[in-house]
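Working notes for the structure below.
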Amino acid sequence: SEDDYLYRIKDGEIALVLAMPVKELYPYQGVIYFMVDDCYGKYELQDMKSGDIYCYTPASGAVELVYAAGSIENSQAHELGVGESSVYFSYLVREREEKGETVYSVNDYQLPFGETEPVLDEKSMTTSGWNDYYFIRNYKKKIALINRTLDAEGNREEIELPLSAYCYCAVGDILYCAENTSISCTNLETGEVTYYDFLKAMEKMEINVEQGKREIEWFIMTEDAIWVVTYYNIYRMDLESGKVTYGALSHNNKTYVINTLYTDGEEIYGVYVR
């Protein structure tokens, strides 16, 4: 939405639920956990800060503060996760400048359900992962697997993958990653790699784009297809047949630039650049 508030879609109708700027939505056991988000300073927040964790119960309409993470001194880039026993959150703190780049420390915490004070989250549960590992973008701008558990020497095992890190997701044992004009599929158990190639479809749709300039901006997986977007166009590859369909997104003679896709399992949603 344009106002970043929480809305509900039911039976094809959209209704405002909470007039609060939100991010990091996590439905769990009838409750929706979220963080307040005012990173651009366009809202007059009262008694709350960006990064504060709240929960909303649709059945009763109750809204409760879970933890005021936004009040942690110098914290930024807050993230949220919800598991079987705890709410997890993380944030960055600016440490120093090094070789022209800003160095941040990552802080991970968990708040067990029913508790009021968080404890350290040594497994970094807000970071997506696979089995006992979580994913990071390392200094080589590659995807690496980091063991969530420390070894006997207090270190974490790191496995670097030969994959770029700008857009990826894991489904089961398969890591899907956008690589220019294709989606690579790496079996994390066996190391086997296969590809879903969109180049031929892009060459038909993006005639005036120079070779080497075509690139997948974002992608999502649904049960039967891969959906990708480039600058103006959206592509869908059927996973069973390999057939690719495509087109530009326009309405009332206006073309929309979609840079991010989401899905609820049934519908596809896109975030467009105004």
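Nothing fancy with the numbering, it's 1 onward along the sequence. As the structure is a computational prediction, the values presented were derived from the model and not from experiment.
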Taking C-beta and beyond as the side chain, do I53 and F89 meet within less than 4.5 Å on heavy atoms? yes
Quick check against the 3.5 Å criterion: does T190 have a side-chain atom that pairs as donor or acceptor with the backbone of E192? yes
If I take atom CD1 from residue I234 and atom OG1 from residue T245, how far apart are they, to the nearest 0.5 angstrom? 9.0 Å
Would you check if there is a donor-acceptor pair between the side chains of T230 and E206 at a distance under 3.5 Å? yes
Interatomic distance, CE@M221 vs SG@C169, rounded to 0.5 Å, equals 6.5 Å
Go through the side-chain N and O atoms of Y56 and E64 and say whether any donor and acceptor fall under 3.5 Å apart. no
Show your reasoning for whether salt bridge (charged side-chain N to carboxylate O under 4.0 Å, His left out) applies to R94 and E97. CA-CA 9 Å; R94 183 174 178 173; E97 294 292 326; 2.7 Å; yes
Counting only N and O atoms by type, is there a donor-acceptor contact under 3.5 Å from the side chain of W218 to the main-chain atoms of L261? yes
Tightest non-hydrogen contact, residues Y195 and S184, listed as CE2-CB, 3.4 Å
If you compare all heavy atoms of G70 against all heavy atoms of D52, which two are closest, and at what distance to 0.1 Å? N-OD1, 2.9 Å
Common cluster, V103/I136, ILVMFWY with side-chain heavy-atom separation under 4.5 Å: no
Is a side-chain N or O of S60 found less than 3.5 angstrom from the main chain of A62, in a donor-acceptor match? yes
For S75 versus V93, what's the shortest heavy-atom pair and its separation? CA-CG2, 4.4 Å
Contact summary for I183 and A178, nearest pair of heavy atoms: CD1-CA, 3.8 Å
Checking side chain to side chain contact (heavy atoms under 4.5 Å, CB included) for the pair T186/I174: CA distance, chi angles, key distance, verdict? CA-CA 5 Å; T186 303; I174 307 299; over 6 Å; no
Does CD belonging to E13 count more than 12 external heavy atoms closer than 6.0 Å? no
Answer yes or no: is there an ion pair linking R236 with D224, defined by an N-O contact shorter than 4.0 Å? yes
Using the rule that two of Ile, Leu, Val, Met, Phe, Trp, Tyr join whenever any of their side-chain heavy atoms come within less than 4.5 Å, decide whether M205 and I226 are in one cluster. yes
Heavy atoms of A69 and G51 approach each other most closely as CB-O, 3.3 Å
Nearest 0.5 Å please: distance from the CG atom of L92 over to the CG atom of N74. 12.0 Å
Close side-chain approach of I268 and T222, heavy atoms under 4.5 Å: yes
Test of understanding: clusters of I, L, V, M, F, W, Y form through side-chain heavy atoms closer than 4.5 Å, transitively. Do L6 and Y28 belong to the same one? no
So do the side chains of I146 and Y133 get within less than 4.5 Å of each other, counting heavy atoms only? no
If only atom types and distance count, is the side chain of N187 paired as donor or acceptor with the main-chain N or O of G191 below 3.5 Å? no
Treat each ILVMFWY residue as a node, draw an edge where side-chain heavy atoms are under 4.5 Å apart, and state whether Y67 and M48 are in one component. no
Anything under 30° is parallel, anything over 60° is perpendicular, the rest tilted; go ahead and classify Y246 against Y235. tilted
Please tell me if the side chains of D37 and V22 come closer than 4.5 Å, counting only heavy atoms from C-beta onward. no
Donor-acceptor under 3.5 Å (R156 side chain, R148 main chain): yes
Would you say that K243 contacts M237 through its side chain, given a criterion of any heavy-atom pair below 4.5 Å between the two side chains? no
What verdict does the side chain to side chain contact (heavy atoms under 4.5 Å, CB included) test give for V87 and L80, after you've listed the backbone C-alpha separation in whole Å, the side-chain angles of each residue and the deciding distance to 0.1 Å? CA-CA 7 Å; V87 172; L80 178 68; 3.5 Å; yes
Got a second to check how far E157's CD is from T149's OG1, nearest 0.5 Å? 10.5 Å
Apply side chain to side chain contact (heavy atoms under 4.5 Å, CB included) to V63 and Y54, showing your working. CA-CA 7 Å; V63 181; Y54 281 80; 3.9 Å; yes
Validation row: L145, Y134 side chains within 4.5 angstrom (heavy atoms): no
Would a hydrophobic clustering, with Ile, Leu, Val, Met, Phe, Trp and Tyr connected at side-chain separations under 4.5 Å, put I72 with V106? no
Between Y168 and Y176, does the ring centroid distance fall short of 6.0 Å? no
Determine whether the aromatic ring centres of Y33 and Y26 lie less than 6.0 Å apart. no
Hey, can you pull the donor-acceptor pairs under 3.5 Å for the side chains in residues 120-129, sequence neighbours left out?
| from | atom 1 | to | atom 2 | distance (Å) |
| --- | --- | --- | --- | --- |
| D121 | OD1 | K123 | N | 3.1 |
| D121 | OD1 | S124 | N | 3.3 |
| D121 | OD2 | S124 | N | 3.4 |
| D121 | OD2 | M125 | N | 2.7 |
| S124 | OG | D108 | OD2 | 3.2 |
| T126 | OG1 | S90 | OG | 3.0 |

Kindly give the heavy-atom pair with the smallest separation between P58 and G30, and that separation in Å. CD-O, 3.3 Å
Heavy-atom check, side chain of N233 versus side chain of M202, under 4.5 Å: no
Straight-line distance of R137 CZ to L163 CG, nearest 0.5 Å: 13.5 Å
If you apply the rule side chain to side chain contact (heavy atoms under 4.5 Å, CB included), what do you find for N131 with L188, and how did you get there? CA-CA 10 Å; N131 285 355; L188 296 171; over 6 Å; no
Validation row: F113, V82 side chains within 4.5 angstrom (heavy atoms): yes
Between CD1 of I14 and OH of Y7, what distance do you get to the nearest 0.5 Å? 9.0 Å
